[in-house]
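Heads up: the structure comes next, in structure tokens.
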Amino acid sequence: MDSYQRLLVVVDEHDFSLKAVSRAVYLASKTHAAIIVMMLEHSHFVNRLVDTFEAEGNEGQTHPLTKERKLSCLNAFISQAAQSGLSISKASIACHSSDDVLQFCDDFKVDAVILAASRHKLWNWLTIKPLDVRLLRESSRPVVVVKDHLWQPGGHILSLVEPCADDVTHRALNDAVLQTSEHFSQLLAGDCHLIDCYYGETPSISFHQALAPANDENYHLQKMSSYSSRYHLQPKGTAVSNHHLHLAKSLPEDAIESLAKEVDSELVIVGDTGNGSMFSNMCGHVGEQVIDRIQCDLLVVKPQSAHAI
């Protein structure tokens, strides 16, 4: 439980919300982590572009908060949180792009980045890539995207694993996901559901071909049960049951959306190899695919995240 000791919270000027800071305060109250809050301020050109688009859809609504008012609200929240004994401060370095955020992460060795989910309107994608998507794709640190679903004690976590992964990268990614799941299941005093997207046995011309472990449903369940026991993903005194192990013969984003709603999860944890291939940049990783399809928080980890836990 000694990981995530230095948390960076990024508050986007356009998607101004204090829920990411609130989530970081909740985590820090459990782990005694230090919190650094950074506000992403955009250029004048980008602000004018955003105002032009948003003026069309905000007719009849109250006037949005000014930048000065947002900074005032943020500073007041930080001051109030600091009075409770938490280590929380505002970054003194100006931040104008996701590149500045990533550079700050490297310079100050933060353990995780926390931010509120961005608005993913069509014009956002055409003009400026949403901040949460850019950080999910480019950050080498774990990224937590916060939504409105509250974290309750005894809550549920949903983690995507690949039990039959045989290459070094995906095995490391499995370890990162499972170690992170263990950390947060202890923090929430809850349980963790494991999901594996399994497509079953492929048809073969030979009727005598031996069934490969990767195509054996029981093998997948045994591996997930072993993971759950090894990483203590269930509350103390609770045995691992098939209720917490899920095989889905569908795309990961479809399975995660459905199961997260079914178990009412507080947090979804997925891995990202961070290979940055052309195909992944065009189609997105699992985290990017589910970010708009789940109502709870999303945590994306990278293989090297395992070394920080």
Side-chain angles (χ1 to χ4, degrees), residues 3 112 136-144 157-185 191-204 209-234 240-242 244-260 263 265 267-291 294 298-309:
S3 62
L136 287 179
R137 181 174 294 184
E138 300 174 16
S139 174
S140 60
R141 269 78 176 176
V143 177
V144 182
I157 296 172
L158 176 60
S159 300
L160 177 67
V161 294
E162 298 180 70
C164 294
D166 54 1
D167 61 282
V168 174
T169 300
H170 284 87
R171 285 203 302 268
L173 191 59
N174 261 348
D175 289 338
V177 169
L178 291 163
Q179 291 182 30
T180 304
S181 300
E182 179 183 20
H183 173 83
F184 280 93
S185 62
D191 56 18
C192 179
H193 291 253
L194 297 180
I195 182 172
D196 173 29
C197 290
Y198 161 76
Y199 295 98
E201 185 179 5
T202 55
S204 173
Q209 182 178 2
L211 185 65
N215 295 325
D216 185 356
E217 184 172 317
N218 290 328
Y219 178 78
H220 286 252
L221 289 172
Q222 290 171 6
K223 289 286 289 186
M224 286 196 292
S225 179
S226 174
Y227 285 157
S228 190
S229 298
R230 187 194 316 167
Y231 290 95
H232 313 289
L233 300 183
Q234 307 307 318
V240 179
S241 68
N242 286 342
H244 295 91
L245 310 176
H246 307 270
L247 293 178
K249 296 183 180 180
S250 60
L251 293 174
E253 53 268 27
D254 294 331
I256 289 173
E257 178 186 15
S258 175
L259 190 56
V263 304
S265 61
L267 177 66
V268 169
I269 302 177
V270 301
D272 176 15
T273 57
N275 54 27
S277 66
M278 180 178 294
F279 178 79
S280 62
N281 288 335
M282 291 174 62
C283 300
H285 299 284
V286 174
E288 297 174 43
Q289 297 295 329
V290 303
I291 194 171
I294 58 176
L298 171 68
L299 169 56
V300 176
V301 298
K302 308 293 176 72
Q304 52 267 44
S305 302
H307 302 296
I309 297 181

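Numbers here simply count residues along the sequence, with the first being 1.
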### Message
Run the side-chain hydrogen bond (donor to acceptor under 3.5 Å, both in side chains) test against His246 and tell me which residues pass, sequence neighbours left out.
### Response
His193

### Query
Looking at Val301 and Leu173, what are the two nearest heavy atoms and their distance?
O-CD1, 3.8 Å

### Query
Donor-acceptor pair, Ser185 side chain versus Glu182 backbone, under 3.5 Å?
yes

### Query
From Asp191 CG over to Ser181 OG, what is the distance, rounded to the nearest 0.5 angstrom?
11.5 Å

### Query
Got a second to check how far Ile294's CD1 is from Leu267's CG, nearest 0.5 Å?
8.0 Å

### Contacts of type side-chain hydrogen bond (donor to acceptor under 3.5 Å, both in side chains), residue Ser265, not counting sequence neighbours
none

## Note on the structure
Applying side-chain hydrogen bond (donor to acceptor under 3.5 Å, both in side chains) to Asn218 and not counting sequence neighbours gives none

### Query
Is there a donor-acceptor pair closer than 3.5 Å between any side-chain N or O of Ser258 and the backbone N or O of Asp254?
no

### Query
Do the side chain of Asn174 and the main chain of Glu162 share a donor and acceptor less than 3.5 angstrom apart?
yes

### Task
Using the side-chain contact (heavy atoms from CB on, under 4.5 Å) rule, pick out the option among Val144, Val143, Val177 that qualifies with Leu299.
Val144

### Summary
Tightest non-hydrogen contact, residues Gly287 and Val300, listed as CA-CG2, 4.2 Å

#### Entry: Closest contact, heavy atoms only, Ala260 versus Leu158
N-CD2, 3.7 Å

#### Entry: Atom pair NE2 (His285) and CG (Asp272), whose distance is rounded to the nearest 0.5 Å
4.0 Å

### Query
At their closest point, which heavy atom of Pro252 faces which heavy atom of Cys197, and how far apart are they?
CA-SG, 3.3 Å

### Query
Residues two or more places apart in sequence or in another chain: which of them pass side-chain hydrogen bond (donor to acceptor under 3.5 Å, both in side chains) with Glu138?
Arg134

Would you be so kind as to tabulate the donor-acceptor pairs closer than 3.5 Å made by side chains of residues 223-234, with sequence neighbours excluded?
from	atom 1	to	atom 2	distance (Å)
Ser228	OG	Gln234	NE2	3.2
Ser229	OG	Ser225	O	3.2
Tyr231	OH	Asp175	OD1	3.3
Gln234	OE1	His244	NE2	3.3
Gln234	NE2	Cys192	O	3.0

### Contacts of Glu253 that satisfy salt bridge (Lys or Arg N to Asp or Glu O under 4.0 Å) - sequence neighbours left out
none

### Query
Could you give the distance from CG (Asp196) to CG (Leu160), rounded to the nearest 0.5 Å?
7.5 Å

### Query
How many angstroms lie between atom CG of Leu259 and atom CG of Leu194, to the nearest 0.5 angstrom?
10.5 Å

